[in-house]
A.B. asks: 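Sending over a structure as structure tokens; questions will come in a sec.
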There are 2 protein chains.
Amino acid sequence: MAKEEKLTHSEENYLKVIFQISGQSRDRVSTNALADKLCTKASSITDMLKKLADKKLIGYKKYNGCELTTKGESIAVEIIRKHRLWETFLVSKLSFGWDEVHDVAEQLEHIRSLKLIDKLDQFLDYPKFDPHGDPIPDKDGNITYRKSKIRLAESAVNTLVEVVSVDEDSQSLLKYLDEIGLKLGSGIKVFERIPFDGSLKIEIVGGQKMYLSEKVAENIGVRFIEKL
Amino acid sequence: MAKEEKLTHSEENYLKVIFQISGQSRDRVSTNALADKLCTKASSITDMLKKLADKKLIGYKKYNGCELTTKGESIAVEIIRKHRLWETFLVSKLSFGWDEVHDVAEQLEHIRSLKLIDKLDQFLDYPKFDPHGDPIPDKDGNITYRKSKIRLAESAVNTLVEVVSVDEDSQSLLKYLDEIGLKLGSGIKVFERIPFDGSLKIEIVGGQKMYLSEKVAENIGVRFIEKL
DNA sequence: CTATTTTTTTAGACAAGACTAAAATTTTGG
DNA sequence: CCAAAATTTTAGTCTTGTCTAAAAAAATAG
Ligand SMILES: [Mn+2]
Ligand SMILES: [Mn+2]
Ligand SMILES: [Mn+2]
Ligand SMILES: [Mn+2]
């Protein structure tokens, strides 16, 4: 085995964010994109990219962004696994709301222990998805993405869809969804798309009929169930 | 309310260790004692003591050690509460051994969340002692010390005592105690103290008769039950 | 009570991770 | 294609927490 890499919290965060920005297509990630997401200045990003490149965790070419190496990616996935398992723990064992867990998980994801995460996984009975519907990587780093997920904002009118994920970045969105009774697993009937602002006339199955702004609809992942 | 103090992990560790070294009698703590326990150089300690004194978390006088202020003490106790609750979680929910939890708890004790620790406390059903028999401070920072605890090394011969705590600092001690079947709550019959090396001839009630070195006996806390 | 030893502090340095300002490179629009 | 704009990098600074070496103060021993 190679020597034990001990990364700082900061380095771990960079790897995680590079992974997230590069998406499933594994695109190269630009300096500015990282600066935005990490709330730091571009110059700080450049410094860190050099450091990560020295450690062979990313590929980096001046003025051309970066991409994770195999090693960097496996560390990123490990952090994401920890983050999502902790979120699941907080919601299902400590009864946190889904809007309250992300910030705490940002801290917990950096706890280093050979044993802890696998025990936690077992304790939670090997959950496949976190409280926001995002897939939890398994012990070997495999991520099972939902095949047919689309944004609610893009679903056709006169269809029934099921909510499979919500973007976790905004606490106020999550609170709003709580208020209107929209959860993972909710059925949503999409009746009409208002041309003026792209908002949707919908019915939450078993709940209310209402309008959802396009912005909200862009932050909800759904899968098609049937035509109405 | 005063402004939210955000301390670094390092600052929190210093406060915790000052609290631990100063003991129940709240003695002043010397620079070298801190350096030993924190595995840093005395010069680093001096630097940090100045910083903590500036923040009114300790009283510090040159060449005369330090002591916690009320504010510093309440932060120290909070860290210790978190540490011991996490250790309890690891043992009672994730089935860690008592020798495996301290290092992980050293990390977990720094997780900042208004809600997390109280939820965890509730989830664990408000435990009074951690896996090593140390008292867990309550939400308000009150610590209920066991009144009549003594070191096994100091107990009289021909007595029956009960194990109420073990020093957690050495993982190898804890493993050894596992091996010989000595747990919290075990009864111990103390038969004889060997003058040559201070070792004790004992019987673990329900277990084996054996000799314990003085060093081991110094690391076990017991309470007197009865004369034999 | 003074000389030696021990403890503690000061001074100066360094690495990590951030920032600002300025320079270099790439991209874009006419 | 070229000038202006946007992006990225470099250079230099700062803070935190650590270190070593040297100086200062306190404790100890004869
Ligand atoms: Mn999250
Ligand atoms: Mn999540
Ligand atoms: Mn511990
Ligand atoms: Mn303990």
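Sequence lines set the chain letters: A, B, ... in the order given, protein chains first and strands last, and positions in each chain run from 1. The figures here come from the full heavy-atom set of this structure, side chains too, leaving out hydrogens, waters and symmetry mates.
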A.B. asks: Would you find a donor on one side and an acceptor on the other, under 3.5 Å apart, between the side chain of B:Thr31 and the backbone of B:Ala42?
C.D. replies: no
A.B. asks: Look at the side chain of A:Arg193 and the backbone N and O of A:Glu214, then say whether any donor-acceptor pair between them is shorter than 3.5 Å.
C.D. replies: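 Between the backbone of A:Glu214 and the side chain of A:Arg193 there is no qualifying donor-acceptor contact (under 3.5 Å).
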A.B. asks: Salt-bridged, A:Arg112 to B:Asp103, with N to O below 4.0 Å?
C.D. replies: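 The answer is no: the pair does not qualify as a salt bridge.
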A.B. asks: So which nucleotide from C:dT8, D:dT8, C:dA21 ends up closest to the side chain of A:Ser43?
C.D. replies: C:dA21
A.B. asks: In this structure, how many angstroms lie between the C1' atom of C:dT27 and the OH atom of A:Tyr63, rounded?
C.D. replies: 13 Å
A.B. asks: Identify the residue among B:Arg81, B:Lys128, B:Lys115, B:Lys139 that makes a salt bridge (Lys or Arg N to Asp or Glu O under 4.0 Å) with B:Asp121.
C.D. replies: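 Of the listed options, the one satisfying the test is B:Arg81.
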A.B. asks: Confirm from the modelled atom types if B:Ser30 and C:dT8 form a donor-acceptor pair under 3.5 Å, side chain to base only.
C.D. replies: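 For B:Ser30, whose side chain was compared with the base of C:dT8, there is no donor-acceptor pair (under 3.5 Å).
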A.B. asks: Within residues 7-15 of chain A, which residues have any heavy atom lying less than 4.0 Å from an atom of DNA chain D?
C.D. replies: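 Contacts with DNA chain D under 4.0 Å: none.
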A.B. asks: Check every atom of C:dA18, D:dT18, C:dT9 against the side chain of B:Lys62 and return the nucleotide holding the closest atom.
C.D. replies: C:dT9
A.B. asks: Do B:Ser30 and B:Asn32 have side-chain N/O donor and acceptor atoms under 3.5 Å apart?
C.D. replies: no
A.B. asks: How many whole angstroms separate atom NZ of A:Lys6 from atom C1' of C:dA15?
C.D. replies: 16 Å
A.B. asks: Among C:dA18, C:dT8, D:dT10, which nucleotide sits nearest the side chain of A:Ser44?
C.D. replies: C:dA18
A.B. asks: Looking across every strand, which nucleic acid part, if any, lies under 4.0 Å from B:Thr31 by heavy atom: base, sugar-phosphate, or nothing?
C.D. replies: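 Sugar-phosphate contact only.
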A.B. asks: State, without any angle test, whether A:Asn13 and A:His110 hold a side-chain donor-acceptor pair at a distance under 3.5 Å.
C.D. replies: yes
A.B. asks: What residues in residues 33-42 of chain B put a non-hydrogen atom under 4.0 Å from any atom of DNA chain D?
C.D. replies: B:Thr40, B:Lys41
A.B. asks: Can you list, pair by pair, the side-chain donor-acceptor contacts under 3.5 Å of residues 131-138 of chain A, counting residues two or more places apart and other chains?
C.D. replies:
| from | atom 1 | to | atom 2 | distance (Å) |
| --- | --- | --- | --- | --- |
| A:His132 | ND1 | A:Glu87 | OE1 | 3.1 |
| A:His132 | ND1 | A:Glu168 | OE1 | 3.0 |
| A:His132 | NE2 | A:Trp98 | O | 2.9 |
| A:Asp138 | OD1 | A:Asp140 | N | 2.8 |
| A:Asp138 | OD1 | A:Gly141 | N | 3.0 |
| A:Asp138 | OD1 | A:Asn142 | N | 3.0 |

A.B. asks: Any side-chain N or O of A:Asn32 less than 4.0 Å from the OP1 or OP2 oxygen of D:dA6?
C.D. replies: no
A.B. asks: I need the single residue from B:His102, B:Gln107, B:Lys16 that forms a side-chain hydrogen bond (donor to acceptor under 3.5 Å, both in side chains) with B:His83. Which is it?
C.D. replies: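 Answer to the side-chain hydrogen bond (donor to acceptor under 3.5 Å, both in side chains) test with B:His83 among B:His102, B:Gln107, B:Lys16: B:His102.
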A.B. asks: In this structure, how many angstroms lie between the C1' atom of C:dC19 and the CG atom of A:Asp47, rounded?
C.D. replies: 10 Å
A.B. asks: Ignoring backbone atoms, test whether A:Lys50 places a side-chain nitrogen or oxygen under 4.0 Å from the OP1 or OP2 oxygen of D:dT9.
C.D. replies: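 The answer is no; no side-chain N or O of A:Lys50 sits under 4.0 Å from OP1 or OP2.
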A.B. asks: Side-chain N or O of A:Tyr60 versus OP1/OP2 of D:dT9: is the shortest distance under 4.0 Å?
C.D. replies: yes
A.B. asks: For D:dT8, does either OP1 or OP2 sit under 4.0 Å from a side-chain N or O belonging to A:Asn64?
C.D. replies: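 Answer no for this pair, as no side-chain N or O of A:Asn64 is under 4.0 Å from OP1 or OP2.
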A.B. asks: Cation-pi check, B:Arg84 to B:Phe89: give yes when NZ or CZ is under 6.0 Å from the six-membered ring centre and within 45° of the ring axis, no otherwise.
C.D. replies: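 Geometry flag: not set, cation outside 6.0 Å or 45°.
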